[in-house]
Amino acid sequence: MVMAVSFERYGRLYYLDPGEFRPRVGDKVLVPTDDGPEVAECVWAPQYVTEDVGGLPLCAGIASATDLDRDEQNRQRRADARVIAKRTIREHDLPMKVVGIDFVDRRPDIDQLVIVYFSAPHRVDFRELVRDLARALRARIELRQVGARDEARLQGGIGPCGRDLCCATFLKDFEPVSVRMAKDQDLPLNPLKISGACGRLMCCLKYEHPLYQEFNAKAPALGTAVETPAGDGVVVGHNVPSDTVVVRLAASGRRCACSRADVCSPRQQYEASGTTTPDAAPVVPETKAPEATAPGPEAKADAETAETREERRARKPRRRRRLHHDDEGETAQ
């Protein structure tokens, strides 16, 4: 059985093995972490799955009233630590932006630990800042610099599609995205159109890119003359989501959308290649036999010239032919 939990509302999902517990949607459960069990909300009740899923962390149980009070206190501490961190950074006049705060109080080696995630355009010397934060928060301080994409993951937000950011909901790893993917999908190369909340290329450009690559590899290119059920025409556009090709008919000049199978079927490719079936005999072009006529003066001169060339070759063979004979001799030995 598998269940899913989330630490934040509409946040990233984490899958657990429910074990002997059967929480319902909305119940608070304990999730094992590196810093001890933490409280999370069940968003997917335990269900049986067809595939054999192993290696999932085991649910630590249902959260008690004490666990809920501790979680609420930690949320308040994180909010207070964020305010103090922003004020202290402003006093030190450092080019830093606080992205997130994490409060840890269940590690055996540390009483209280405050982890401050920040973003900066370059490396920052924050040694004095750490001392002032430790004095103000009365806890051990760790500062961790994150990139633009990690910043969007920690803060969350709404993407251009109107839904929550993929990195903050279900994406686990950031895969490389290039401008070539936008070109293959005929998207405008305007940075405002293809950039996400982090300022980088949108991660969703990679979702449909394999489909576009497969379509472009099999579909006729723009400007190719094709045969359609409506008549002959020229390809002027592609529509990958609908798997169709836009063709401008030669007879009427109008445009029509045809299925890729209609203009690029295996039968048409087979006929266009001009090949024959394996059982058919090879086609040998017919050649006319030369008419028997008496050799003229020009033919006699050509014959004498050919005999002279043969005698010259016999006396002084070419270098290429001599090398060839030498190789044959070595091979024979």
| said: Please say yes or no: joined through hydrophobic side-chain contacts below 4.5 Å, possibly via intermediate residues, are Met181 and Leu189 part of one cluster? | reply: yes
| Would Val246 and Val235 count as a side-chain contact (heavy atoms from CB on, under 4.5 Å) if you check the C-alpha gap in whole Å, the side-chain angles of each, and the deciding distance to 0.1 Å? | CA-CA 6 Å; Val246 182; Val235 177; over 6 Å; no
| task | State yes or no: do Leu137 and Leu113 share one hydrophobic cluster built from I, L, V, M, F, W and Y residues joined by side-chain heavy-atom distances below 4.5 Å, directly or via other members? | result | no
| request: Indicate, with yes or no, if Ile115 and Val146 share a hydrophobic cluster defined by side-chain heavy-atom contacts under 4.5 Å among Ile, Leu, Val, Met, Phe, Trp and Tyr. | output: yes
| request: Linking directly or through intermediates, with side-chain heavy atoms under 4.5 Å: list the remaining ILVMFWY members grouped with Met3, chain and number order. | output: Val5, Phe7, Tyr14, Leu16, Phe21, Val29, Val31, Ile62
| task | Begin from the C-alpha positions of Asp69 and Thr66 and carry the test side-chain hydrogen bond (donor to acceptor under 3.5 Å, both in side chains) through to its verdict. | result | CA-CA 5 Å; Asp69 293 340; Thr66 305; 5.7 Å; no
| said: Going by the rule salt bridge (charged side-chain N to carboxylate O under 4.0 Å, His left out), which residues pair with Arg180 if we only count those two or more places apart in sequence or in a different chain? | reply: Asp184
| query | Please walk me through it: do Glu142 and Arg144 pass salt bridge (Lys or Arg N to Asp or Glu O under 4.0 Å)? | reply | CA-CA 7 Å; Glu142 286 189 8; Arg144 298 181 182 178; 3.0 Å; yes
| remark: Between Leu222 and Val236, the two heavy atoms sitting closest are CD2-C, 3.5 Å
| Qualifying side chain to side chain donor-acceptor pair (under 3.5 Å) pairs, either residue in residues 89-99, two or more places apart | His92-Asp132, Lys97-Glu151
| query | So how far is it from Arg22 CZ to Glu20 CD, rounded to the nearest 0.5 Å? | reply | 9.0 Å
| remark: Here the gap from Met202 atom CE to Ser195 atom OG, rounded to the nearest 0.5 Å, amounts to 7.5 Å
| query | If you round to the nearest 0.5 Å, how far is SG of Cys167 from CD of Gln155? | reply | 10.5 Å
| Would a hydrophobic clustering, with Ile, Leu, Val, Met, Phe, Trp and Tyr connected at side-chain separations under 4.5 Å, put Ile84 with Tyr117? | no
| message | I'd like to know if Asp80 and Arg78 make a salt bridge, using a cut-off of under 4.0 Å between side-chain N and carboxylate O. | response | no
| Val99 with Met96, same ILVMFWY side-chain cluster at under 4.5 Å | no
| query | Are any non-hydrogen side-chain atoms of Pro37 and Pro32 less than 4.5 angstrom apart? | reply | no
| Rounded to the nearest 0.5 Å, how far does SG of Cys203 lie from CZ of Arg149? | 4.5 Å
| Would you find more than 12 non-hydrogen atoms of other residues, nucleotides or ligands less than 6.0 Å from Gln213 atom CD? | yes
| task | Report the distance from atom CD of Glu38 to atom CG of Asp102, rounding to the nearest 0.5 Å. | result | 7.5 Å
| query | Phe126 vs Phe118 aromatic rings, parallel, tilted or perpendicular, using cut-offs 30° and 60°? | reply | perpendicular
| From NZ (Lys183) to CG (Leu205), nearest 0.5 Å | 13.0 Å
| said: Can you confirm whether more than 12 heavy atoms, excluding those of Gln47, are under 6.0 Å from its CD atom? | reply: yes
